[in-house]
Amino acid sequence: MEIIFPTILNPLTKRTLSHNMMYFNCPKNYKKATAYKVLKSILFSGLTAFVFLTNTLAQESMVYNRHYLSGKDAATAVEWDFMVDGGRRAGEWSRIPVPSNWELHGFGTYNYGHDHRNPDRVLGKETGFYKLEFDVPDSWKGQVVQLVFEGAMTDTEVKVNGKVAGEVFQGGFYRFSHDITPLLNFGQENILEVEVAKHSANASVNRAEREADYWIFGGIYRPVYLEILPQLHFQRVAVNPQANGEFEALVLLNKSLKEGLLEVELFELGDKKSLGKINTPFTGEEIQIDGVFEGILSWNPESPKMYEAVFSLKEKGKTVFEKSEKIGFRTVELREQDGIYVNGKRVIFKGVNRHSFYPNSGRALSEANHLEDIQLMKEMNMNAVRMSHYPPDERFLDLCDSLGLFVLNEVAGWQQGYDTEIGPKVIKATVWKDANHPSVIIWDHGNEGGWDFENEKWFHQYDIQKRPVIYPWLIRNGVDTHHYFQYNAGVQRLTHGITPFFPTEFMHGLYDGGHGAGLEDHWRDFMRSPVAAGGFLWVFADEAVVRTDRDGELDADGNHAPDGILGPYKEKEGSFYTIKNIWSPIQIAPFVMNRHFDGNLWIENHYLYSSLAGCRLEWSLHKLEGFDKEINLDEGKLYLPDIGLGERKRVKIPLSTEFEEADFLRVAAYDWNGMELYTWSWAISGISEFADHLSASSFDMYGLTEVEEEDGLLKVKAGEMYFEFSLNDGQLKLVQKNDKDIAFKDGPIAVGVNSEVDGVNWETDPDGSIIIQSSYSSYPKISTWRVLPDGSLELEADGPLLNGQMISYLGLSFSYPEDKVKGVKWIGNGPYRVWKNREKGVEFGIWEKAYNNTITGYSYDNLIYPEFKGYHANLYALQLLTEEGIIQIVSESPGMYFKLYNPENSPHATPGVTPEMPAGDLNFLHQISPIGNKFAGPETMGPSGNKIRAVSHGGDQAFGIKLRITFEDL
């Protein structure tokens, strides 16, 4: 039993009671245990007086009351009796938490939506049977009791005390209710029986909901509750609060009233101070009321101002019913050949698609799940979310209202739509449930063909705000929402169109492709178009479900569901930070960082509604001492001036004299609430300066080198080190330290071009170093090994002097056994790997990670981020930590990349998302390859996904590759 006591200052004070919603949970097992009966007796004997008081007060004041029979969410679920007639545990009565999906609790059959076309998959069409006993107090007599289901999959028949409560509801994502007053035994126990058919008797429901590209579940997966209402009450309250304070509402009563008064009073949320009242007399059962509230603040995702509107129904001067609504004042317009406007501001959506999903609970979610998802979206600097492909939980929209996200709310229909019998019912259910949320600014009528145009009229029939209705993937109703277009595509649409466009799905993020890869190209292309309105990435998180039929294995159904920015438990992939960077509303214009930097930064405001006044930068100067110590030399805060929408202004960081000693600068941007928007960092030290500083303590010269030629090898001993080089190709073939092998070898080998070795020669220079020089037919023209007397190596290779060749990557490779690697430390950009078309989101610093073999979006048994393997940018120095010791490599070449092995691909990877990778275990590169997305290769995603045409001219002095290599003990 759970009772949340209302705050009561005066039983007759309407304002005080209007805040209260009394929750009274009293579900019991159909076959109660004796212990439960005893507990119930004790509880009720001790609380009878108080329950009577609270019920009496509620009845007198006629305040809306909700009494939960289930948990309020998946985290507070209540057990009901349950049996399923097919699949696992068929025919066995037991217990199941409500809300939940029964597959996650060991019942029935798991299916992905595509299984209906796969003859090798068993298609579960089981029906679930639920039973619950619940008490109905005598004090409820004379009131109306509504039984409400927030969502059950899918055809649901309800009985109370053996009698059918109403017609079977068809549709798995919608609120429905029955008036069960005539069926109740007041003051006694009542029996609720619910029969839920996983597949619908209506073919269009199955096509719209069950034959879809997502997991198919069964069960009562959203809350179930009773509404205790007076005989005269509101059936619906629909509001239309405009940004200028104008207010209108439509209120429907359950029965006609000859003479009444409706009053609406507005309050600050959580404050008892009234902001004004409006009222209207009426007759009948439909009431329209309008007025103006002065001095209100409008709602937008950057400042999500909410109010409480208290609706009071009066008859003969007495309040007979009262209900409050949380509302936000905002205006939505679709302007033809212009864009979507909210509060008179043209909107740029920075959005993502979101399924209601969690691996352990399917579509039954908790408050924590909803909050985590929204906070992660806000952390990525998103301002919008699309409900794919069905309406969300009530609580999710509450949080979007209060935390600030634009919402595209969607009636289901993945690629086929409801018929004209079911369509109007589910549209009504969606609009009635969600229309008062200020966050909901657009209705989506299905997805990618999941509609019947005949049903569109019902949106505006029920929505007094007349929000735009769109069709994801179509040019229709004044917008273009085409999915998965290629860069620079379209005739009279997309980047070449005159119709406002915002793809409701783009950058399909299968595995590590899409999302961040290509986003910068697309975003720049969008922003140059006056009709671009942003877009929605596919998709928020990998949808790998816990298979209770496979010992808890996480299953994403091949490549159907592992396409999130986040892993199934919200693990952050590299694209998370790329998106965070590109979509940050505070941007720092590009500049060159070096010792001449004077502290001046150009700051750009990319908000839709807000000045940067009150936002701040936090900066710090850092010095590096080797790979293990970062010293903070200085730091400070800089509050930004009033930089208006779309403006750019210069600000100056007050750099101190410590700047001359610093190796890098870090700058973080924070909004007016203290939320970090993005943190940038830039190396101050030049690459050669830093290399000299880092290597000074490591390269003390001593002794002499010993050298001999034998069997086509040049054998060199220097200090504790012994090396062998091939005189055929100049490659390092053997490394030993104190007579113990170190398996670093087989390099340099040119990758990215065909290049033959033309010749190798060697010599001893005056300081005793051994020089081995190789010439090549193409790249590099010359490479040179230098063995220093202290046993360290230097490698220098010419820069890319190529002309006309198209290259995906270019550089040098070496071998080192993967099974001997323990981890890596490096100084450069990190901590995530990069692709040629995804270099944003990594920043300069000292980084470290242990070896892992994460296959992004696939290796769910060991999903570790950041991934170890792949390309890394802006190499200054690295230490490869191995079983044999530390291989330290210091770069003297600016802008170099390094690669640690080739990431493994999922066996379900599509050709588009499988990147072209260079051979070799360790690579040092001028150029790296891009990655594609699920549907197409990187060349379709923008200029940064294309191969590079190498160009050169006689006399060019190209940056080459220059490395210092030492072998140190652990």
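Residue indices begin at 1 and follow the sequence shown.
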Asker: Looking only at atom types and distance, does a side-chain atom of N383 sit under 3.5 Å from a main-chain N or O of I348, one as donor and one as acceptor?
Answerer: yes
Asker: Are side-chain heavy atoms of I327 and F247 found at a separation under 4.5 Å?
Answerer: yes
Asker: Would you call R395-E367 a salt bridge at under 4.0 Å N-O?
Answerer: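 Salt bridge present between R395 and E367.
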Asker: Between R386 and E505, is there a side-chain N and carboxylate O pair less than 4.0 Å apart?
Answerer: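 Here R386 pairs with E505 in a salt bridge, since their nearest N and O are under 4.0 Å apart.
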Asker: I'd like to know if the side chain of D480 pairs up with that of T499 as donor and acceptor (distance under 3.5 Å, no hydrogens or angles considered).
Answerer: no
Asker: For Q235, look at atom CD and say whether over 12 heavy atoms of other residues, nucleotides or ligands are found less than 6.0 Å away.
Answerer: yes
Asker: Give me the ring orientation class for H445 and F459: parallel if the planes are under 30° apart, tilted from 30 to 60°, perpendicular past 60°.
Answerer: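 It falls in the perpendicular class, over 60°.
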Asker: Please, which pairs that meet salt bridge (Lys or Arg N to Asp or Glu O under 4.0 Å) have at least one residue in residues 419-443, sequence neighbours excluded?
Answerer: E167-K425
Asker: For V531, what residues pass the side chain to side chain contact (heavy atoms under 4.5 Å, CB included) criterion, not counting sequence neighbours?
Answerer: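 So V531 forms a side chain to side chain contact (heavy atoms under 4.5 Å, CB included) with R346, F501, S529.
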Asker: Hey, is E394 close enough to R175 for a salt bridge, meaning N to O under 4.0 Å?
Answerer: yes
Asker: Evaluate the ring planes of F536 and F349, with Trp represented by its six-membered ring, and classify them as parallel (under 30°), tilted (30 to 60°) or perpendicular (over 60°).
Answerer: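 Correct class here is tilted.
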Asker: Strictly by modelled atom types, are T154 and H199 linked by a side-chain donor-acceptor pair under 3.5 Å?
Answerer: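 Judged by distance alone, the side chains do not pair up.
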Asker: Take a 6.0 Å sphere around NZ of K466 and say whether it holds more than 12 heavy atoms from other residues, nucleotides or ligands.
Answerer: yes
Asker: Among T430, N409, D463, find the one that has a side-chain hydrogen bond (donor to acceptor under 3.5 Å, both in side chains) with W443.
Answerer: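 Considering T430, N409, D463, a side-chain hydrogen bond (donor to acceptor under 3.5 Å, both in side chains) with W443 is found only for D463.
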Asker: Between K125 and D85, is the closest basic N to carboxylate O distance under 4.0 Å?
Answerer: no
Asker: Salt bridge check: are D373 and R354 linked by an N-O gap of less than 4.0 Å?
Answerer: yes
